[in-house]
Protein chains: 2
Amino acid sequence: MSTTETGTARPAGRPRSEKAEKAILEATLDLIGEGSGVTELTIEAIAARAGVGKTTIYRRWSNKEDLVVDALATLKSPVPHLSGESVRGDLIVLMEAMRLDALQSDRRCVMNIAMSESDRYPHLFEKFRRIAIEPRREAMRQVLRRGVANGELQPDLDIDLAVQIVSGPMVMFTRWADPEDLTEDLPRRIVDQVLAGLGRK
Amino acid sequence: MSTTETGTARPAGRPRSEKAEKAILEATLDLIGEGSGVTELTIEAIAARAGVGKTTIYRRWSNKEDLVVDALATLKSPVPHLSGESVRGDLIVLMEAMRLDALQSDRRCVMNIAMSESDRYPHLFEKFRRIAIEPRREAMRQVLRRGVANGELQPDLDIDLAVQIVSGPMVMFTRWADPEDLTEDLPRRIVDQVLAGLGRK
DNA sequence: ACTTTACGAAACGAGCCCGTTGCGTATCGG
DNA sequence: CCGATACGCAACGGGCTCGTTTCGTAAAGT
């Protein structure tokens, strides 16, 4: 070898700018948050927004979908802390987190993409599900399983079905209701009604 | 007046072709059903699909949104017949109708538009809600009200909340689950669990 | 016949975005 | 200093869609 090996095989020349990389990913999320669908999203617009040449983008991602996938991957999805005191309390915390997400327009748009472009961009949807949906869903599953174990819930409860039943109503509200219907007490009302059932006692 | 008035003020010249009009609206729905978002939808593509000149389209609609609105208006949304024997039975029928809709890809795409482009095209969403969502929702409200009246359901039930709780889980399944999860018994399972509640008896 | 309007087809200039290339500059290792 | 690579910027040719216009033809009333 003529070059001094440093072990990590550092290539010669100017290293890629991490700042540019971050700017590109942020610009992508910005534009998505402003309502761009994946198809309308243009490399030129991303470059302009990021203050970056198109070259810099094409050097890193060969196509738009890969870029969007990486951008979505940077979305933190902190699962809210659950006290574990009661199933009811934990479910309300999870629902409240969904409600607050829905009130942020950028989050709404990301959700839009996840719901509407899932057919056309399956990779993208898969990534989104893994980083954004699945952690929260798993958290809810654990809450429900704990409830089954300690007798708060029915012993033969279908956990996956229950997850959909708890989450579904909030999704309905976030998508098809006016924002003013997303009142503060909505999580509590949903959880209480779902736990109690609609039938007469 | 030099012209013989016929009362209905029929304009002179060749009348517009109803066949062309129908072809345009059908082509629009076709393309939407194939996955086009409203933004990707092009007048040229619609004209080509309909076997029609662009002129014929522009003569009738001044912009794309108006055209799509009219196209959605042609969608029949037959609310399924409800026997009225029991709340449970009627709800299952309504859920089954949603399930069957979700299995048709063209219906899925229409739903996609309704959910994801509602922010960008409020008129469009409003129309869709009026012709597709509201009739079914109202049907469900009636079922629930009847259930409250005859004692099947809780006397102080919040009807609108209950509608979301019943519908939500099916929406979750239609959007975020594999098609094979849309099993035949899903409507029954959802309705029974929702009526009974998750809590221990 | 004659007017009037609609029809399908084709072409227009304009604008946007594509993916690529060349340019001069900046930043790294050696 | 030198070679190598990345940077931002501008420009390229090509493609697509826009909304409009022109053309010759078709279908109605008078």
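Letters A, B, ... mirror the listed sequences (proteins, then strands); counts begin at 1.
The CG atom of A/Leu41 sits 14 Å away from the C1' atom of C/dC18 (whole-angstrom rounding). What separates CG of A/Leu67 from P of C/dG19 is a distance of 12 Å, to the nearest Å. Distance A/Ile57 CD1 to C/dC17 P: 13 Å, rounded to the nearest Å. Between B/Glu18 atom CD and D/dA27 atom P there is a gap of 15 Å when expressed in whole angstrom units. Atom CD of A/Glu40 and atom P of D/dT17 are 14 Å apart (whole Å).
Distance from the side chain of A/Ile43 is smallest to C/dC18 among C/dC7, D/dC7, C/dC18. For B/Arg60, taking side-chain heavy atoms from C-beta onward, the closest of the listed nucleotides C/dA6, C/dG8, C/dT4 is C/dA6. Side-chain proximity of A/Arg16 to C/dG8, D/dA6, C/dA6: nearest is D/dA6.
Where B/Glu21 and B/Glu44 each meet DNA chain C at their nearest nucleotide, the meeting point lying more 5' is that of B/Glu21.
Contact between A/Val171 and A/Met98 at its shortest, heavy atoms only, is CG2-CE, 3.6 Å.
Atom CZ in A/Arg137 sits 7.5 Å away from atom CH2 in B/Trp176 (nearest 0.5 Å). Between A/Leu100 atom CG and A/Met95 atom CE the span is 12.0 Å, to the nearest 0.5 Å. Atom CG of B/Asp30 and atom CD of B/Glu34 lie 6.0 Å apart (nearest 0.5 Å).
The side chain of B/Thr56 contributes an N or O atom lying less than 4.0 Å from OP1 or OP2 of C/dG8. Under 4.0 angstrom from either OP1 or OP2 of C/dC7 there lies at least one side-chain N or O belonging to B/Arg59.
Side chain of A/Gln193 to backbone of A/Gly197: a donor-acceptor contact under 3.5 angstrom is found.
The pair B/Arg146-B/Asp90 meets the salt-bridge criterion, since a charged nitrogen lies less than 4.0 angstrom from a carboxylate oxygen. Of the charged side-chain nitrogens involved, at least one lies within less than 4.0 Å of a carboxylate oxygen, so that B/Arg145 and B/Glu138 count as a salt-bridged pair.
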**OP:** Classify every nucleotide of nucleotides 20-26 of chain C by which part a protein heavy atom approaches to under 4.0 Å, writing B for the base, S for the sugar-phosphate alone and - for neither, in 5'-to-3' order.
**Re:** BB----B
